[in-house]
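The structure appears below as structure tokens.
Just so it is clear, the values below take in all heavy atoms, side chains as well, and ignore hydrogens, waters and symmetry mates.
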Amino acid sequence: MNAKHDELSREQVERAGLPAPGEEPHFLPHPVMDRLLEAVIVLGGELWIERDRRRALESLLRSKGLVAPEEIETHAEADSEARKQELTTLVTRLLDPLRAMRAGSAF
Amino acid sequence: MEQRNPGKHPQPPRREDASHMEYMTEVRNFAVRSWFPEIAGEVGEIAAQAGMPPVMDARQYGQLAPEIDRSPAVAGWKRVMRSQQQLAWRKLQDSYAADREFWEGRLTEAEERNPGRLHYDPAFKVPRSACEDIHLQPGGYCGDNLAGYVFYHGTRVFYQGDNDQDEIHGSCVDAMRLPADGQVRRILDIGCSIGQCATALKERHPQAEVWGLDVALPMLRYAHMRATDMGVDVHFQQGLAESMEQPDDSFDAVLAYILFHEVPEHTFEPIVRDIFRVLRPGGALTVIDTPNANAFPAANWMWKLFDAQYNCEPYSQAFGAFDFAALLGEAGFEDIRKETTNTFLLNTLATKPR
């Protein structure tokens, strides 16, 4: 029963034309366009995550009377290395979709 | 500040994950509710210019598809839809995997706290058809012990907030046909996934013994943990819908919610026959699934084929073209009725003769 089941299901999967494992289809005229559009979506997600957290933080700081909004404008962070590392991580995550392009693929 | 409320489910691991899911929900909302109607208009115009009727069958759409796929709007929409799914799953899965031991421990702890409600045979062989990365979820429903956690939060994006309190599952349970004699002692939810309909069934019918059946153990373990945390008494069993380990004539009502469009066509008949077997005479079946009429506007075909091919629902096309009500009749059911309850699902109701 299971053997037949497996065989038929595989056949049906192939008929449905699924991309092969590890293959990412492109819908736009060039794969680069697909990757760039995905990068924009990723960027939007990262942007919202940060905005959401900042809103929560500023709201808490203000409600507890700890920090006035104008102090944030002029603050310099002590651990600049950690800050730099966070920026590097952000850029890596943002541009990672471009890595899905195959080396040597021609325009 | 308002906090997201996942209702009957836990929060995702980090605030960042919740924010990301919220963002992805908006991306999907934009693509589905705002952008798709415009695309449907454009696709409809392409179809009309090609001399096609407003509603067409699969063969007619096949002739039209190359033209439609050349539309930049269609191409961009497909990219956004696929990337949204992939990115949402990836972030959730990475987040849960970072503390895998803790989340697996929660499942085990629930099994120790509430034994005798999760039934499975460690030697059970999962068919390959159930091992696809359904909806692009990496590892699908069977390939990752944490699939249930990831599935719930990922489907929050799909349901656009309609499942935080299991709202859509509750409405499905309310739409079920029950036996005419009113006797409801045992109910079965086939393809129960993480048990949202099963717990809703128990809440609606507290006197009944409720069983949820699924092929995927990770989903069942999450379902069991969730029901345990909710204090709702449901049995969850791993098994195949076409060969259930349940006695003949043992259920008063059976529900199959969005099961059939995810299983291969050759299993439709054995599943229906086994449902007929386990229902008692006078028992009622409710199948809630995608429409299966083989006649849709071109834009709906475009979306259906996208789902089949690029959202990893490989068997959904076959279900869409299948006359499911006729199969129920051939299996011996009577009083078969179709009811459309919303824009994307069709209810098919049937009764086993007394």
### Message
Counting heavy-atom pairs closer than 4.5 Å to chain A, which one of B:Asp133, B:Leu87, B:Val74, B:Leu305 comes out on top?
### Response
B:Leu87

### Message
Assess whether a salt bridge exists between B:Glu22 and B:Arg156, defined as any Lys/Arg side-chain N lying under 4.0 Å from an Asp/Glu carboxylate O.
### Response
no

### Task
Using a strict cut-off of less than 4.0 Å between a Lys/Arg side-chain nitrogen and an Asp/Glu carboxylate oxygen, indicate whether A:Asp34 and B:Arg82 qualify as a salt bridge.
no

### Query
So what's closer than 4.5 Å to chain B heavy atoms on A:Leu37: side chain, backbone, both or neither?
side chain

### Message
Can you confirm whether more than 12 heavy atoms, excluding those of B:Gln160, are under 6.0 Å from its CD atom?
### Response
yes

### Query
Just wondering, more than 12 heavy atoms not from A:Glu77 lying within 6.0 Å of its CD?
yes

### Message
Under a 4.5 Å cutoff for heavy-atom pairs, which residue among B:Ser316, B:Gly76, B:Pro72, B:Ser83 has the most contacts with chain A?
### Response
B:Ser83

### Toward chain B, the part of A:Val42 with a non-hydrogen atom under 4.5 Å
both

### Query
Checking heavy atoms, do the side chain of B:Arg14, its backbone, both or neither come under 4.5 Å from chain A?
neither

### Task
Mind checking the CG-CZ spacing from B:Asn292 to B:Phe268? Nearest 0.5 Å is all I need.
8.5 Å

### Query
Given that the side chain runs from C-beta out, which part of B:Phe30 has a heavy atom under 4.5 Å from chain A: side chain, backbone, both or neither?
neither

### Which of B:Lys91, B:Arg70, B:Met24, B:Glu26 touches chain A most, by non-hydrogen pairs under 4.5 Å
B:Lys91

### Message
I'd like to know whether CZ of A:Arg54 has more than 12 heavy-atom contacts from other residues, nucleotides or ligands below 6.0 angstrom.
### Response
yes

